[in-house]
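Working notes, structure below.
All values below were derived from every heavy atom in this structure, side-chain atoms included, with hydrogens, water molecules and symmetry-related copies excluded. Convention: sequence-line order gives letters A, B, ...; per-chain numbering from 1. Quick caveat, the model's predicted, so the values are computed rather than measured.
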Amino acid sequence: MPTPDHLRAVDIDFSMDSCDVARRLIGVTLLVNGIGGRIVETEAYDQQDPASHTYTGPSVRNAAMFGPPAHVYVYRSYGLHWCMNLVCREAGHGAGVLLRALEPTHGLEAMCERRGLQDPRLLCAGPGRLAQALGVDHSWNHRPVQPPTFALLWNGQAADVLAGSRIGISKAVETPWRFGERGSRYLSRGFGRGA
DNA sequence: TGTTAGATCGCCT
DNA sequence: GGCGATCTAACAT
C-alpha cells in the first residue's frame, strides 16, 4: 500500500518539552512497519509531574524515559496491556508522550487481525489497544523512533487541538496535559465541551 | 446507554 | 504486599 502523495515525512523535535511534542503530534500520521494512522490523542508526562512514572527518579522499569529522546518507552499496564510512550527532552529528564489514540488509516486488515475486531473506532482508541494494533510490546522498549521501522508523516495542515485533563491517574488530575483533535471520532474519550 | 467488577503481574514500599 | 498512565464483558436501567 503506497503512501498517499499528500503525506510527507515530518521532523518532530523530540528535545522539546513533552507538552510541546504531545501537542505537535496531533494530526501526524504514525506508521510502525507501514501500519498505523493519524495520531488524534496524546498525553504529556514529565519528571516534575506527580502522575508520571518518572516522578520518583530512574528505575528498571522507566529507564528508557531517562534515555535519549525519540526513543520508545513501553510499560505493562494493569498486568496485561502494553502502552507506548515517545521519550522527550534530553537524556536524564524522564519526560515523554503517551500515545493514546489513532485514527486508523494504514494496514486496517493487520490491525483488525491483531485486535480480533472489525470496528475501526475500537482498533486504536486507548493506549493498550493502540499498542496491540501496532504490534508493539515490551520487546520494543528502548527502540529508536526512526526509519525504516517508524514513519512520521504529515499532510501540511495544522490540526485543531484540544487540551484537557489526563485519564486514569489519581495525582495531578487537574494538569491539562492531554491533547486531542477536536471532533475526532477516534478518541478514547471525549473532551467534555467542544469535542 | 451507563456503570461495575474481574483479569493479571512487574515494580515500588 | 499492594497498586496501577486499562480493557472487556456482564450486568442494570
Closest to side chain of [X], choosing from [options]:
X     : options               : answer
A/M65 : C/dT6, C/dT8, C/dA5   : C/dA5
A/S59 : B/dT13, B/dC11, C/dT6 : B/dC11
A/L80 : B/dT13, B/dA7, C/dC7  : B/dA7

Rounding to a whole Å, what distance do you find between [X]:[atom1] and [N]:[atom2]?
X      : N      : atom1 : atom2 : answer
A/Y78  : C/dT6  : OH    : P     : 5 Å
A/D137 : B/dG10 : CG    : P     : 14 Å
A/W82  : B/dT8  : CH2   : P     : 15 Å
A/H138 : B/dG10 : NE2   : P     : 10 Å
A/H81  : C/dC3  : NE2   : P     : 19 Å
A/R129 : C/dA5  : CZ    : P     : 18 Å
A/D119 : C/dA9  : CG    : P     : 13 Å
A/R189 : B/dT3  : CZ    : P     : 11 Å

Is the shortest side-chain heavy-atom distance between A/L134 and A/W140 below 4.5 Å?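 No - every pair of side-chain heavy atoms lies 4.5 Å or more apart.
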Using a distance-only test with no angle check, is there a side-chain donor-acceptor pair under 3.5 angstrom linking A/Q132 and A/R114?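 Not at all, the side chains of A/Q132 and A/R114 share no donor-acceptor pair under 3.5 Å.
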At 4.0 Å (heavy atoms only), tell me whether [X] reaches a base, stays on the sugar-phosphate, or touches nothing.
X      : answer
A/R178 : nothing
A/N62  : nothing
A/L98  : base
A/R61  : sugar-phosphate

Using the rule for Phe, Tyr, His and the six-membered ring of Trp, do A/Y45 and C/dA5 stack at under 5.5 Å and under 30°?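 Answer is yes, a stack.
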I need the single residue from A/R166, A/R100, A/R189 that forms a salt bridge (charged side-chain N to carboxylate O under 4.0 Å, His left out) with A/E43. Which is it?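 With A/E43 as partner, salt bridge (charged side-chain N to carboxylate O under 4.0 Å, His left out) holds for just one option, A/R100.
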Is [X] close enough to [N] that one of its side-chain N or O atoms is under 4.0 Å from OP1 or OP2 there?
X      : N     : value
A/H53  : C/dA5 : yes
A/R76  : C/dG4 : no
A/R115 : C/dT8 : yes
A/R100 : C/dT6 : yes

Would you say the side-chain atoms of A/R24 pair up with the backbone N or O of A/D20, donor to acceptor, closer than 3.5 Å?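 Flag not set: sc A/R24 to bb A/D20 has no pair under 3.5 Å.
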Hey, is A/D46 close enough to A/R89 for a salt bridge, meaning N to O under 4.0 Å?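 Yes.
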Position toward the 5' end of DNA chain C (nearest nucleotide), A/G128 or A/S170: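 Nearer the 5' end of the strand: A/S170.
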Could you pick out which residue, A/Q132 or A/G168, lies toward the 5' side of DNA chain C when each is mapped onto its nearest nucleotide?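 The residue whose closest nucleotide sits nearer the 5' end is A/G168.
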Pair partner, C/dA5 [Watson-Crick or wobble, under 3.5 Å]: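 When the pairing criteria are applied, nothing turns out to pair with C/dA5, so the answer is none.
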Is there a Watson-Crick or G-U wobble partner for B/dT8 with both distances under 3.5 Å, and if so, which one is it?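 Partner of B/dT8: none.
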Whole-angstrom distance between B/dA5 and C/dC3, as gauged at atom P: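 Per the computed distance, 16 Å lies between those P atoms.
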If you look at every heavy atom in A/Y186 and A/A125, which pair is closest and at what distance?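 Closest approach of A/Y186 to A/A125: O-CB, 3.8 Å.
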Spell out yes or no: do the side chain of A/Y75 and the base of C/dA5 have one donor N/O and one acceptor N/O closer than 3.5 Å?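 Such a pair exists between side chain and base.
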